[in-house]
Amino acid sequence: MRKTLAKNIFLNINPIKKFRTIKIQVDFLRPLKKEETTSRRLLANVMSNSTANYPSFRSINDREMELYGSEINVFTRNLLNFNDLAFSIEFADPKFLIDGQTQIKDNLELLNEIIFKPNLTGQKFDQIAFDTEKRNLMSNLVSIQDNQDLVSTLGLTKLIYQNNPDRQVPIFGNIDQLNTLTNEQLLEMYRDVIKNDTIVINVVGNVDEEKFAEDILTSGFYTQMNNERLDLKIEFDKFNQLITNPAEKIEHKHLNQSRIALAYATEGVSKKFNRLAPQIMNLILGGDDQSQLFQQVREKNSLAYSVSSTYQPLSHLVTIQAGLDADSVQRALDLINQQIEFIKNGKFSDNQVEHAQKVMVTRRKIATDSIQYYIMRSIWETVYPKTLLSDEQFQTELDNLDREHIASVANNLHAIAQYQLIGDSND
């Protein structure tokens with residue numbers, strides 16, 4: 001069932017019976033703004049800490065245990081060019097419980113409590129909850145510098161999106177913004193979210209669709225959010241300038257190991273080519289342990305401790321990450337380029353193509369065993385449906401794949417950014 005409850009408020013119910021749990025997720029979406037990224041992440045943390053009727057994390061946890069181990073999760077993430085503040089609750093299917101008659105209603109009420117009944121003292125959040133979560137987030141942000149893989153990923157991201165200020169702040173925020181963020185400002189952010197964000201409600205599991213839709217419409221959910229919401233406009237970053245003038249940055253740190261992170265735009269791949277060709281090309285290049293990068297750079301030549309590539313379908317970017325010794329950087333870069341040339345020239349084997357196809361099928365099957373797969377699919381169906389392939393379309397694309405398509409993707413790779421984090425262990 002798909003219903004529009006009000007302007008830009010969507011309800012998707014997927015009554016799948018194969019899971020032993022039911023999950024309800026409510027996503028609040030708005031365009032990414034660098035000024036709001038940190039406050040939305042802190043808001044997620046504060047709201048999962050306590051509520052008006054459950055004024056401590058322990059009391060929320062006790063209530064979850066009463067509901068047979070329900071699990072609440074509140075987080076933020078990037079979704080296209082939007083900031084997604086998501087609230088979810090996953091709980092046992094009542095048919096597996098002795099006395100689960102009110103299980104769905106009780107969990108819906110708890111989620112309603114988390115979202116719409118914050119723990120306030122006057123015109124701000126409970127000060128202990130605010131201070132605790134601000135301190136925890138600060139600690140997490142400081143610790144990022146110890147995670148060199150993340151440091152290199154963030155370094156590359158800044159280069160890729162150097163002309164998009166709203167993507168310069170990582171989704172988990174930054175220290176400068178957090179330092180100046182006040183309790184009063186956070187409550188202002190919360191009220192803005194509740195009033196204006198586009199809302200997508202997804203339910204996956206063994207539920208009666210009509211009954212659940214009725215429960216939503218008669219619950220605190222609907223009365224709190226039945227006003228019209230702001231429109232979302234999908235926008236994609238263009239990389240033409242970086243294709244002409246690639247961005248590079250080298251940083252030195254006192255580390256034993258170095259990192260390189262590379263980005264390529266797949267601009268110019270003909271629309272008549274196979275939609276799965278970029279994913280197959282990526283699998284052959286560096287997407288699993290049978291790939292060229294893994295076998296040639298890591299195994300055969302021992303130039304990297306780790307090396308892999310990733311394809312991002314929405315941005316059409318291929319990224320390569322490697323952890324290696326500082327004196328191996330240039331040789332590794334040369335060898336990486338050789339693997340791209342290998343695919344450009346069609347030197348990959350039919351066995352490599354068949355292996356990549358099998359990996360694609362297996363990963364898709366594994367994904368469908370997750371309740372979150374169906375949540376995400378419903379979100380995409382609501383926000384950007386053209387990104388999805390049905391099972392039939394997926395199989396057709398896979399069957400129609402040919403070597404020309406795969407080589408074409410490699411021939412249209414444009415290096416747009418390179419970030420190096422060089423370890424100077426002998427300083």
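Along the sequence shown, residues are numbered consecutively beginning with 1. It should be emphasised that the depicted structure is a prediction, and the values quoted were computed from it without experimental measurement.
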message = Under a plain distance cut-off of 3.5 Å, with no hydrogens placed, do D215 and S219 share a side-chain donor-acceptor pair?
response = no
ask   = Restricting to pairs with a member in residues 70-114, which pass ring-ring contact (aromatic ring centres under 6.0 Å, His included), not counting sequence neighbours?
value = F28-F87
inquiry  = Checking side-chain polar atoms at under 3.5 Å, does Q292 have a donor or acceptor matched by the opposite partner on Q352?
reply    = yes
ask   = Taking the six-membered ring of F348, is NZ or CZ of R403 closer than 6.0 Å to its centre and within 45° of its axis?
value = yes
query = Which residues pass the side chain to side chain contact (heavy atoms under 4.5 Å, CB included) test with D399, sequence neighbours left out?
reply = Q395
inquiry  = I'd like to know if the side chain of N81 reaches the main chain of E235, judged simply by a donor and an acceptor atom lying under 3.5 Å from each other, with no hydrogens or angles considered.
reply    = yes
query = With a distance cut-off below 6.0 Å to the six-membered ring centre and an angular limit of 45° from the axis, does R364 pair with F394 as a cation-pi contact?
reply = yes
ask   = Just checking, any donor-acceptor pair under 3.5 angstrom between side chains of Q321 and D149?
value = no
ask   = Are Y264 and F239 close enough that their ring centers fall under 6.0 Å?
value = no
message = Taking the basic N atoms (NZ, or NE/NH1/NH2) and the acidic carboxylate oxygens, is any pair closer than 4.0 Å for R191 and E188?
response = no
inquiry  = For a quick check under 3.5 Å, do N45 and N136 share a side-chain donor-acceptor pair by atom type?
reply    = no
key: Test item: side-chain donor near acceptor, K34 and Q177, under 3.5 Å   = no
query = Looking just at side-chain N and O atoms, do T182 and Q185 make a donor-acceptor pair shorter than 3.5 Å?
reply = yes
